2 protein chains.
Amino acid sequence: MSRKNRTDVVAAASVMFAEQGFHGTSMRDLAKKLGLMGSSLYSHVVSKDELLVDVVREASSRFQTLADEVATMPGTAIQRLSRLVHGHLQILVKDPHQARTFLNETRFLPEPERDTAVAMFDRYQRAYRDVLSSGCNSGEFRSDLDVHLAANLVLSLLNGTQRWFNADGALSVESLASEVHRLLTLGLNPDPEANAA
Amino acid sequence: MSRKNRTDVVAAASVMFAEQGFHGTSMRDLAKKLGLMGSSLYSHVVSKDELLVDVVREASSRFQTLADEVATMPGTAIQRLSRLVHGHLQILVKDPHQARTFLNETRFLPEPERDTAVAMFDRYQRAYRDVLSSGCNSGEFRSDLDVHLAANLVLSLLNGTQRWFNADGALSVESLASEVHRLLTLGLNPDPEANAA
DNA sequence: ATAACACAAACGAACGTTCGTTTGTATAAT
DNA sequence: ATTATACAAACGAACGTTCGTTTGTGTTAT
């Protein structure tokens with residue numbers, strides 16, 4: 001029952017927005033989780049919308065950092081794709097509530113923050129397109145690949161994991177990421193190199 | 001401005017629940033979309049929850065039908081997986097609002113309907129595990145495949161498409177499904193058979 | 001060391017509004 | 001004539017938020 005600061009409130013909001021949804025969470029619900037009265041939240045925050053803005057901003061910034069890293073990263077397309085896969089899944093697992101709020105509740109942001117978030121994610125997706133397209137040119141990926149489509153599919157695969165992956169389970173994030181990367185590059189079929197060996 | 005029946009109300013609800021979320025949609029919002037007063041909805045429906053139950057039930061039943069078809073389907077694992085991919089994406093595209101409501105709003109169902117829906121989806125997922133595991137035994141898929149993990153990944157990939165696929169765009173559902181199937185089986189890497197030819 | 005002050009955090013009550021829903025009555029279709 | 005549909009009016013509860021005030025917690029002046 002200690003005194004709370006703004007960070008505590010935003011953190012609790014990310015948990016409740018992820019689990020109950022933005023519109024399914026009332027300020028009194030949120031306050032109760034913090035051991036406060038509803039009105040007390042307004043010592044830390046000016047509106048409910050602002051809480052959502054804060055959570056989404058934090059998540060956006062993490063993805064942005066990853067995109068920037070990969071944009072200047074040396075190495076093959078396969079290596080850079082691997083970094084995107086591992087990095088993206090790390091972000092999802094490190095703070096699953098923040099990530100789920102970002103993925104599922106961004107649409108409830110007020111303007112112009114919503115537009116900003118959408119634009120940020122577009123730019124993030126560009127990192128995937130760039131890596132895929134360079135892989136096509138280098139011969140690491142199929143040359144007839146629809147890069148835009150493939151980027152959407154890769155991100156669908158990555159983002160979908162937040163619905164079922166449990167960080168406390170037997171499978172580690174690194175193993176998950178490796179499996180995802182293997183599925184993306186080689187598919188489900190028997191590894192031809194393994195057959196050759 | 002014609003008179004509405006229950007089907008009209010449920011259909012409008014599936015649209016609004018998909019776009020605004022269950023908790024973001026008020027009965028008055030929904031009525032306005034139908035050209036009615038809020039109270040008039042209760043001539044067709046006993047509660048707001050009932051609307052969500054109806055939408056989710058319809059979607060569940062479609063997925064169930066697909067799972068049953070594939071369970072008794074002859075053919076190779078690859079052919080059966082292809083049917084799951086095409087069928088699943090067909091369902092998502094045929095009624096995207098119903099599908100999105102099913103995928104995103106099922107968590108807001110009252111009990112016991114929520115449990116029922118979760119159990120139904122578990123059973124649906126079993127169809128994927130069965131196909132994947134038979135493919136491992138037949139040598140169509142890698143024998144070291146983690147079937148449970150792979151089923152989750154395949155479904156993540158499929159369900160993620162509802163966030164970005166536009167049925168009115170240049171890409172048809174069939175082409176999308178074929179691309180997804182190709183990605184799943186062969187991955188991004190250059191097709192070894194194409195190289196051999 | 002203590003008293004005076006400043007400020008952030010929390011309170012409890014109340015604001016106006018919207019929520020899901022109920023009731024009673026009118027209108028349109030069968 | 002009966003039934004299904006729609007209405008306007010109203011219900012209590014909950015919503016996000018504001019208000020005036022109190023409590024805690026350091027900082028400065030004495």
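Each chain gets a letter, A, B and so on, in the order its sequence line appears, and its residues count up from 1. In this text, all values refer to a predicted model and were calculated from it rather than measured experimentally.
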Self-check item: DNA chain D: 5'-proximal contact among B:Ser39 and B:Arg6 (nearest heavy atom)
Solution: B:Arg6
Quiz item: Can you check whether A:His181's main-chain N or O pairs, donor with acceptor, with A:Thr185's side chain at less than 3.5 Å?
Solution: yes
Self-check item: Parallel, tilted or perpendicular, as decided by the 30° and 60° cut-offs, for the rings of A:Phe121 and A:Phe102
Solution: tilted
Quiz prompt | Evaluation steps, salt bridge (Lys or Arg N to Asp or Glu O under 4.0 Å), between B:Asp49 and B:Arg114 | solution = CA-CA 11 Å; B:Asp49 278 349; B:Arg114 193 193 122 98; over 6 Å; no
Practice problem: List in numerical order all residues of residues 24-33 of chain B for which some heavy atom is under 4.0 Å away from an atom belonging to DNA chain C. | Solution: B:Thr25, B:Ser26, B:Met27, B:Arg28
Practice problem: Test the A:Lys48-A:Tyr42 pair against the cation-pi criterion, namely NZ or CZ under 6.0 angstrom from the six-membered ring centroid and within 45° of the ring axis. | Solution: no
Quiz item: According to the salt bridge (charged side-chain N to carboxylate O under 4.0 Å, His left out) rule, which pairs have a member within residues 178-189 of chain A, sequence neighbours left out?
Solution: A:Glu179-B:Arg142, A:Arg182-B:Asp144
Quiz item: So, do B:Arg6 and B:Asp54 sit near enough that their side-chain heavy atoms are less than 4.5 Å apart?
Solution: yes
Quiz item: Which is it for A:Glu105 and A:Val56 under the side-chain contact (heavy atoms from CB on, under 4.5 Å) test, yes or no, and what are the steps along the way?
Solution: CA-CA 8 Å; A:Glu105 313 299 324; A:Val56 170; 5.9 Å; no
Exercise. State, yes or no, whether a side-chain contact exists between A:Arg83 and A:Val131 at a heavy-atom distance under 4.5 Å.
Key: no
Practice problem: Answer with yes or no whether the side chains of B:His88 and B:Tyr124 bring together a donor and an acceptor at under 3.5 Å. | Solution: yes
Quiz item: Is there a donor-acceptor pair closer than 3.5 Å between any side-chain N or O of B:Arg163 and the backbone N or O of A:Leu103?
Solution: yes
Exercise. Specify the residues of residues 10-20 of chain B, ordered by number, for which at least one heavy atom lies under 4.0 angstrom from an atom of DNA chain D.
Key: none
Self-check item: Residues touching DNA chain C, which here means a heavy atom under 4.0 Å, drawn from residues 105-114 of chain A
Solution: none
Quiz item: Is a donor on one side and an acceptor on the other found under 3.5 Å between the side chain of A:Ser134 and the backbone of A:Ala77?
Solution: no
Quiz item: On DNA chain D, which is the earliest and which the latest nucleotide, 5' to 3', with an atom closer than 4.0 Å to a heavy atom of chain B?
Solution: D:dA4 to D:dA10
Practice problem: Give a yes or no on whether the backbone of B:His86 and the side-chain of B:Gln90 come within a donor-acceptor separation of less than 3.5 Å. | Solution: no
Quiz item: Which ones in residues 45-58 of chain B lie close to DNA chain C, meaning a heavy atom under 4.0 Å from one of its atoms?
Solution: B:Ser47, B:Lys48
Quiz item: Going by distance alone, is a donor N or O of one side chain under 3.5 Å from an acceptor N or O of the other, for B:Arg107 and A:Gln20?
Solution: no
Practice problem: Would you check if there is a donor-acceptor pair between the side chains of B:Ser175 and B:Ser178 at a distance under 3.5 Å? | Solution: no
Self-check item: Over 12 foreign heavy atoms within 6.0 Å of NZ, B:Lys94
Solution: no
